[in-house]
Amino acid sequence: MKKMHTGYGAKFKAFYCGLFGHHYSVTKKITNHIKEYECIHCGKQVSTDVKGNLSKLTPQRRDINRTLENLYSKRHRATAHQQVA
Ligand SMILES: [Zn+2]
């Protein structure tokens, strides 16, 4: 039986990020100003907060983002509808 070093890779990646910083890519666009990101190396998830800073993507923040996303898309649809009418 082969022993897998699954834990080691994650630790090394976290170490790498500690040295060189996280490399975030956008996973979800909430509004023009708020996006969710994930580090391509260690998978850490962060989100833009209302002040424009990156903070850890907690379940609470994810909920807030989903709410914002709904409000944002609704408002956008409403605007588009007004323009058509
Ligand atoms: Zn990272």
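Because the structure is predicted, anything quoted here is derived from the model rather than measured. One-based numbering, in listed order, for ligands and for the atoms of each.
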How wide is the angle at the Zn ion (ligand 1) between ND1 of His22 and SG of Cys39, to the nearest 10°?
-> 110°
Output yes if His41 passes the N/O/S-under-2.8 Å test against the Zn ion (ligand 1); output no otherwise.
-> no
For the Zn ion (ligand 1), does an N/O/S atom of His23 lie at less than 2.8 Å?
-> no
Is a salt bridge present between Glu36 and Arg66, judged by a nitrogen-to-oxygen distance below 4.0 Å?
-> yes
Would you say the side chain of Ile64 lies within less than 4.5 Å of the side chain of Arg62, judging by non-hydrogen atoms?
-> no
Between Val46 and Ser55, is any pair of side-chain heavy atoms under 4.5 Å apart?
-> no
Have Thr48 and Asn53 got a donor and an acceptor in their side chains that come within less than 3.5 Å?
-> no
